[in-house]
Amino acid sequence: MKAVVMITGRRTATGAALVGALALTLLNAPAAQAQDTGITVSDIVINKGKPIVVGTTKPVEPSLTFKISLPSGYSTSDPSRYDAHPFIYRGSLAHAADTGDNYIGPGGYTCYELSDRKAECEGSLYIDPHPSQEHVDSNSDATTWKTALALRLFRASGSLVAEEYETRSLTVRLKRAAKVTVNASPEPVAKGKKITVTGKLTRADWATKKYGGYGGRSVSLQF
């Protein structure tokens, strides 16, 4: 499966919604090998450079943009002949690439031709906190993730020519979402009378998939 749509001319099409397809491709591929594909990926930007905040139930789709350049003999007009996409991981790259554990990839992306062998791509990563996805299943996942690339070339018949995984210096911080509640009583408030302000600060627990107390923090109120 290739989660890529090649568009020529104006940017009028939306990206392919292929959640999980890239992870499936990754897991069904042979073990990571050091074969030079000649594919170059540059200008990777994830979530506009900001930390990614994830709760306990709702999937998050941080933005993803990058550019690709193909080797001689390959054309951006034939996306079935290549696969090139960034992903984030933590721990060992070999373990993430071979098993899909501690791996988060694109849910889909669209590439727009700049020339016969160059294109710019945009889409999003896909992070689902649901237990069945295992994207974030431990609070230890709230840390700095590294960036890598999955690169593959295919023959016209569909068989694999070469594949490689490249690491990049770009890192992405994943954070657990926090919630705050505030209430003033008694209500209605009377001029010149005292009020009591109460509230609760909680943070997503990725192990239990619930929000738990977030203690030891300072909160400032603005009026």
Side-chain angles (χ1 to χ4, degrees), residues 1-29 32 35-52 54 59-89 93 96-97 100 103-128 133 135 145-156 158 160-174:
M1 293 182 178
K2 308 294 189 302
V4 56
V5 175
M6 188 59 61
I7 306 298
T8 58
R10 296 182 302 162
R11 297 186 173 194
T12 56
T14 56
L18 297 176
V19 174
L22 292 171
L24 182 62
T25 301
L26 189 79
L27 293 173
N28 287 340
Q35 301 178 25
D36 183 14
T37 62
I39 302 174
T40 301
V41 177
S42 61
D43 299 338
I44 304 170
V45 179
I46 298 174
N47 202 39
K48 299 181 179 179
K50 300 177 182 179
I52 300 172
V54 183
V60 175
E61 300 183 64
S63 61
L64 171 67
T65 59
F66 57 98
K67 294 180 180 179
I68 60 173
S69 179
L70 301 177
S72 178
Y74 290 82
S75 172
T76 53
S77 63
D78 188 1
S80 67
R81 297 287 308 281
Y82 68 92
D83 181 14
H85 65 268
F87 62 90
I88 63 174
Y89 71 100
L93 173 60
Y103 158 91
I104 294 174
Y109 59 91
T110 303
C111 290
Y112 303 88
E113 286 187 281
L114 299 176
S115 66
D116 185 53
R117 288 162 48 193
K118 294 184 179 182
E120 56 183 14
C121 307
E122 60 183 34
S124 63
L125 296 178
Y126 185 81
I127 307 174
D128 190 347
Q133 298 300 315
H135 290 165
W145 289 56
K146 294 169 282 189
T147 302
L149 304 169
L151 309 172
R152 297 186 184 90
L153 293 177
F154 300 91
R155 298 181 178 86
L160 184 68
V161 174
E163 71 166 351
E164 61 179 326
Y165 298 96
E166 291 183 355
T167 59
R168 293 297 168 88
S169 59
L170 177 66
T171 58
V172 180
R173 180 79 181 181
L174 261 61

Quick one: do I88 and L174 satisfy side-chain contact (heavy atoms from CB on, under 4.5 Å)? Show the steps, please. CA-CA 10 Å; I88 63 174; L174 261 61; 4.0 Å; yes
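- Contact record, A156 with R81: N-NE, 3.6 Å, taken as the closest heavy-atom pair.
- Residues satisfying the side chain to side chain donor-acceptor pair (under 3.5 Å) test with S42, not counting sequence neighbours, are none.
- Between Y103 and F87, the two ring planes are tilted [angle within 30° to 60°].
- Residues T76 and C111 fail the side-chain proximity criterion, which asks for heavy atoms closer than 4.5 Å.
- Side-chain contact between T65 and C121: absent, with no pair of heavy atoms (C-beta onward) separated by less than 4.5 Å.
- Atom CG of residue L160 and atom CZ of residue F154 lie 5.5 Å apart, to the nearest 0.5 angstrom.
- The nearest pair of heavy atoms linking R152 to Y165 is NH2-OH, 2.7 Å.
- The shortest distance between side-chain heavy atoms of I68 and T40 does not fall below 4.5 Å.
- Considering only residues two or more places apart in sequence or on other chains, S75 meets the side-chain contact (heavy atoms from CB on, under 4.5 Å) condition with S77, D116.
- R168 contributes atom CZ, which lies 4.5 Å from atom CG of L149 (distance to the nearest 0.5 angstrom).
- Counted within 6.0 Å of NZ on K146, heavy atoms from surrounding residues, nucleotides or ligands total more than 12; the atom is thus considered enclosed.
- Here T147 contributes atom OG1 and I46 contributes atom CD1; the two are 4.0 Å apart, rounded to the nearest 0.5 Å.
- Taking every heavy atom of both residues into account, I104 and L125 meet most closely at O-CD2, 4.2 Å.
- Not a single ring pair (Phe, Tyr, Trp, His ring centres under 6.0 Å) links Y89 to another residue, sequence neighbours left out.
- Residues passing the side chain to side chain donor-acceptor pair (under 3.5 Å) test with T37 are E164, sequence neighbours excluded.
- Within the 4.5 Å cutoff, side-chain heavy atoms of P59 are placed close to those of Y126.
- For V161, the side-chain contact (heavy atoms from CB on, under 4.5 Å) partners are Y74, L153, R155, not counting sequence neighbours.
- Relative orientation of the Y109 and H85 rings is tilted, given thresholds of 30° and 60° on the angle between their planes.
- Of all heavy-atom pairs between K48 and V45, the closest is CA-CG1, 3.8 Å.
- The side-chain contact (heavy atoms from CB on, under 4.5 Å) check on N47 picks up K50, I52, P62, with sequence neighbours excluded.
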Evaluate the criterion side-chain contact (heavy atoms from CB on, under 4.5 Å) for residue pair I39 and L70; output intermediate values, then yes/no. CA-CA 5 Å; I39 302 174; L70 301 177; 4.3 Å; yes
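- F66 contributes atom CZ, which lies 10.0 Å from atom CD of E122 (distance to the nearest 0.5 angstrom).
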